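Since we're looking at a predicted model, the values are computed, not measured. Numbers for residues simply follow the sequence, beginning at 1.
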Amino acid sequence: MRKLTLLFALLTLFAGYAAAQVTQVSGQVFDKADGLPVIGATVSVEGTKIVGITDVDGRFSLKGLTPAHQTISVSFIGYEKVSTPAKSEMKIYLETKAQMMDEVIVVAFGKQKREAFTGSAAVVTAAEITQQQVTNPIEALNGKVAGLQMTDNNSLATGTEPTIRIRGFSSRSTPTTSL
C-alpha cells in the first residue's frame, strides 16, 4: 500500500510539473513602416497546429505552448514572414515585401504571360471608371469590354447588380450563361 501511495504521489507531482510547462503567449503585430497594427495577420507556433489571427488592434493570444515548441511565426500578405522566440508580451514588427511582377493574364485554364496570350483581353483602369458617372462601378464596364453584355435585373430596385455575360447572350445553340 505504501508503494502505491508513493507511486500516486510521484505521478501527481509529475503531472503538475508537466502542466506547468504549458504556457501562453500574447502580443501585438505592427507594420514597421508606419507603426500601425496589422489586422488579420496569421500567428502560429512552429511545429504545432496552434494558430491564431490578430484582431483590429493587432493583438493575439496563443495557449498551449510546450518547451519543445517555443517559436512564434507571423505572416501576412504583402509582408515578410517573421519567426521569433516566444515571450510573455510580444511586440512584432512586419516589414513590407515589395516584388516586381510580369504582366500576367489569368485565363480559365491557367495563366500566361501577356506576350504569349492570343485571345481577347481588355483592361479597364481605375481612372476610366472614375471618369464615368455611374452609381455602381460594375456598370462602368459596359461598353469598355468587347463581348461583354450587361442586362439590368430590376431597374426599380436599389442595390441590384446587373447580370454580366461574356459572349454567351446571343448564342443560338448553347446555353445563355456566361462561359
Side-chain angles (χ1 to χ4, degrees), residues 1-117 119 121-130 136-138 140-141 145 159 161 164 166 178-179:
M1 182 72 177
R2 191 174 203 168
K3 287 183 182 183
L4 186 61
T5 306
L6 182 62
L7 180 64
F8 181 71
L10 286 174
L11 285 175
T12 305
L13 182 65
F14 178 71
Y17 178 74
Q21 296 300 314
V22 175
T23 59
Q24 176 179 344
V25 65
S26 61
Q28 206 167 4
V29 179
F30 298 99
D31 183 335
K32 191 171 185 175
D34 57 15
L36 294 175
V38 178
I39 302 168
T42 302
V43 183
S44 62
V45 180
E46 290 183 2
T48 69
K49 293 183 180 181
I50 302 171
V51 179
I53 295 177
T54 58
D55 64 8
V56 294
D57 297 323
R59 295 187 186 283
F60 68 92
S61 179
L62 302 174
K63 296 179 182 179
L65 280 75
T66 61
H69 300 100
Q70 289 285 320
T71 303
I72 303 296
S73 177
V74 181
S75 62
F76 192 66
I77 297 172
Y79 290 91
E80 294 284 341
K81 182 178 179 180
V82 174
S83 292
T84 183
K87 299 175 189 168
S88 59
E89 188 62 34
M90 302 177 71
K91 290 194 185 242
I92 300 171
Y93 292 89
L94 297 180
E95 291 187 41
T96 56
K97 176 171 51 171
Q99 189 175 30
M100 294 297 295
M101 292 179 59
D102 290 332
E103 288 188 15
V104 175
I105 297 176
V106 178
V107 293
F109 46 85
K111 59 186 177 180
Q112 295 178 341
K113 285 194 175 187
R114 189 168 183 84
E115 298 86 26
F117 185 69
V123 176
V124 180
T125 63
E128 291 175 318
I129 291 174
T130 57
N136 187 345
I138 294 174
L141 298 175
V145 179
E161 294 185 4
I164 300 172
I166 301 173
S178 50
L179 300 174

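- Formation of a donor-acceptor pair under 3.5 Å by the Thr54 side chain with backbone atoms of Val38 is found in this model.
- Arg59 has its side chain out of reach of Ser26: every pair of non-hydrogen atoms, C-beta onward, lies at least 4.5 Å apart.
- Nearest heavy-atom pair across Val51 and Ser44 is CG2-CB, 4.0 Å.
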- request: Show your working on side-chain contact (heavy atoms from CB on, under 4.5 Å) between Gln70 and Thr23 and close with a plain yes or no.
  value: CA-CA 9 Å; Gln70 289 285 320; Thr23 59; 3.6 Å; yes
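- In terms of modelled atom types and a separation under 3.5 Å, the side chain of Asp34 and the main chain of Leu36 share a donor-acceptor contact.
- To the nearest 0.5 Å, the span separating NZ on Lys81 from CG on Leu94 amounts to 12.0 Å.
- Put simply, the side chain of Thr71 never gets that close to the backbone of Thr84: no donor and acceptor are under 3.5 Å apart.
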message: Test side-chain contact (heavy atoms from CB on, under 4.5 Å) on Ile92 and Phe60; report intermediate values, then the result.
response: CA-CA 11 Å; Ile92 300 171; Phe60 68 92; 4.2 Å; yes
task: I would like to know whether Ile72 and Val45 meet side-chain contact (heavy atoms from CB on, under 4.5 Å); could you show each step before the answer?
output: CA-CA 5 Å; Ile72 303 296; Val45 180; 4.0 Å; yes
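- For the atom pair Glu89 CD and Ser61 OG, the distance stands at 9.0 Å (nearest 0.5 Å).
- Looking at every heavy atom in both residues, Ile53 comes nearest to Gly40 through CG2-CA, 3.5 Å.
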task: Apply side-chain contact (heavy atoms from CB on, under 4.5 Å) to the pair Tyr79 and Val74, showing each step before the final yes or no.
output: CA-CA 10 Å; Tyr79 290 91; Val74 181; over 6 Å; no
task: Could you walk me through whether Lys32 and Glu95 pass the salt bridge (Lys or Arg N to Asp or Glu O under 4.0 Å) test, one step at a time?
output: CA-CA 5 Å; Lys32 191 171 185 175; Glu95 291 187 41; 3.3 Å; yes
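- Interatomic distance, CG of Leu62 versus CE of Met90, reported as 9.5 Å (0.5 Å rounding).
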